[in-house]
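Notes to accompany the following structure.
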Amino acid sequence: MRFAAQRDPLVVAAPQHMSTRQVAVHLLLRKGLFMFGAVVITLMILMAIFAPLLAPYDPNAVDMQNSLAKPSAQHLLGTDNLGRDTLSRLIYGARTSLIVGLAAVAAAVILGGILGTVAGFLGGIVQAVIMRIVDMLMSIPMLLLALTLAAVLGGGLKNVVIAISVSMIPPFARLMAAQTITIKERDFVSAQRSMGAPKWRTMVGTVMPNAYPAVLVFGTMQIGAAILGEAGLSYLGIGIQAPTAAWGAMVSLGFPYLVQYPLLSIVPGVAVMLVVFAFNMVGDGLRDVLDPRLRGTS
Amino acid sequence: MSEATTGTMSGAAAPAAAPASRTPILEVRDLRVQFKTPLGTVNAVDGVSYELYEDEIVAVVGESGCGKSATQLAVMQLLQSPPGRIAGGEVVFEGQDLLKFKKNGPEMRKVRGGQIAMIFQEPINSLNPVLTIGDQLVEAYELHCGLKGQTDKQVAIDLLKMVGIPAAEKRVNDYPHQFSGGMCQRVMIAMGLSCSPRILIADEPTTALDVTTQAQMLELMKNLVREMHASLVIVTHNLGVVARYVERIYVMYAGRVVESGSTKDIFGNPRHPYTLGLLKSVPRLDEVQGSRLIPIEGMPPNLIDMPGTCAFLPRCPYAVEQCRTEPWPELTCVGEGHCARCYVNVEERRS
């Protein structure tokens, strides 16, 4: 009898569960490419934080006697045309890339997210106006837009971030608008409305949390794109200004010596490639875990 | 179920106090709802009037597409518009016409969830999947009552206990997908009643649930509503399910009320052929073994071009010549609080 009393059907329904987060982490650890990406990104973050400790030389110390030196015990990755240690510049360059990537994407997520949510949720004329402006911006290639902005604003870290984030707002706004339009048709949105919740509350409290998986996945991939964008701008000479170490600028610097001494361009180029690839793999992995339809496959 | 939900159940509905002696808390007068479609305007609700008295439980019954949900959504001003539109009428709640309020204005928002709460058909879809039960449970409370020094968690736990969810302290942190359909509906009921509204509108609250849970849910709603002295409107297509819980019934067909009366009148002395059809299509315990349920033949009419005559005419087994030549009759009362929209005295014709 006591046993029967314990087996209340409602209590049994309470699962001895792993939390949703634990399940997600568990799934992610099983993905090789995700782990590879995660390790690369972690190393890069550590490298950026501890740059002064890790770099064997001052990245800006010129040593003309020793320019274009081949890799050696003193200079593991050689030196550039001004005799600066390539490894040290690479380590410091990670800072620039990371700051640009994270800051630009964060700004684009916030601005694009707000624009997209408002447009998608309110619909009608508001949506038409916002989305047409976004479409206009989108019709300009991202790099070209960033290039124009950087040219107008001038170089420097802050302006590069502004240029790249502005050029990234349109895709985030469209993603968010599309997400919002599907989410606002769901029953829990009308249920919330029936409780007398004002619109802004539904937008912030209900629409945004439901759209977050898609934004997280896309955002992670866009960090790679932003780093690439910064490298592109720096390569074209309107990004990060010398002598600050930046990977794109380093590739560009090696250009005149491409035949004579290709390593100068290859080293930062490979770094950019590796990091962009890593962010894409992490984004892919997150998508697989966050999209329940793909869970368990591949 | 636990004693909490069986406590005040007393068989039949509360004594049928003559409704006229009570004051109506909600009066809907000549409400019209239209939906604009590419094929034409659908008159989903076409001049519906009804009253709801204090402490009363009322059912609105009818087939799919007869305008029962649209009526309730219009009362709450929750119609999706476009394409929906309230084309006329009044919804008087505590002396104020709710339709005069702006759809999303602060007055209407105060009514929604604060004074009139609504729960929907699909409890699982009505909960936000990315928030914990506790987080969303307190939303209405926070919006309308404000947290008076309590933590939102404590409020949520109390609410879960109120609707009989065991281990409430633990379950507040769960997500909706960890709850069963019945438990989700309990959460919705708790949410709806969290701020002691005057009226709870339950739009097909049991349709998505299995039969054993349906009775529990109605019982729970009935008991809680009684405790809070609120009124309850149950919208359903299943006359059988609500019979023992409600005091009065409105039967709707093609966007109009075709019969209204006390539960006793509707079941014992139905005056409209449609009501009769609904009753015959519900299984009864006192039926002769082996007898078949009788479905209502045909389909509800297309609401875009309605005939001027009675909308039930094509499906009506009792139709007389008058039905074919004269317009749909008005709702005429045949007894104390018992009205029907029919020329034929079904009672006489049956015998």
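Just so it is clear: chains get the letters A, B, ... in the order the sequence lines come, proteins before strands, and each one is counted from 1.
Expressed to the nearest 0.5 Å, how far CG of Asn210(A) lies from CG of Leu131(B) amounts to 7.0 Å. Here Gln192(A) contributes atom CD and Leu127(B) contributes atom CG; the two are 11.0 Å apart, rounded to the nearest 0.5 Å. Note that OG of Ser194(B) is 8.0 Å distant from CE of Met195(A), once rounded to the nearest 0.5 Å. From Gln77(B), atom CD reaches atom OG of Ser194(A) across 13.5 Å, with rounding to the nearest 0.5 Å.
Neither the backbone nor the side chain of Met108(B) has a heavy atom closer than 4.5 Å to any heavy atom of chain A. When heavy atoms are compared at a cutoff of 4.5 Å, Gln121(B) does not approach chain A at all. Looking at Pro213(A), neither its backbone nor its side chain comes within 4.5 Å of chain B, counting heavy atoms on both sides.
Residues Pro209(A) and Val130(B) approach most closely at CB-CG2, 3.5 Å, considering heavy atoms. Counting all heavy atoms, side chain and backbone alike, Pro129(B) lies closest to Phe188(A) at CD-CE2, 3.2 Å. When all heavy atoms of Ser126(B) and Ala191(A) are compared, the pair lying nearest together is O-CB, 3.6 Å. Scanning all heavy atoms of the two residues, the minimum distance from Leu143(B) to Pro198(A) falls at CD2-CD, 3.9 Å.
Inspection of the Arg193(A) and Asn104(B) side chains reveals an N or O donor paired with an N or O acceptor under 3.5 Å.
Annotation: maximal heavy-atom pairing with chain A below 4.5 Å, among Val111(B), Asn128(B), Ile201(B), Ile119(B), occurs at Asn128(B). Taking chain A as the reference chain and counting heavy-atom pairs below 4.5 Å, the highest number among Glu139(B), Met118(B), Lys110(B) is found for Glu139(B). For the set Thr206(A), Val189(A), Ile183(A), the count of heavy-atom pairs under 4.5 angstrom toward chain B peaks at Thr206(A). Ranked by heavy-atom pairs under 4.5 Å with chain A, the list Lys170(B), His144(B), Glu122(B) is led by His144(B).
With a 4.5 Å cut-off on side-chain heavy atoms, Arg201(A) and Glu142(B) count as touching.
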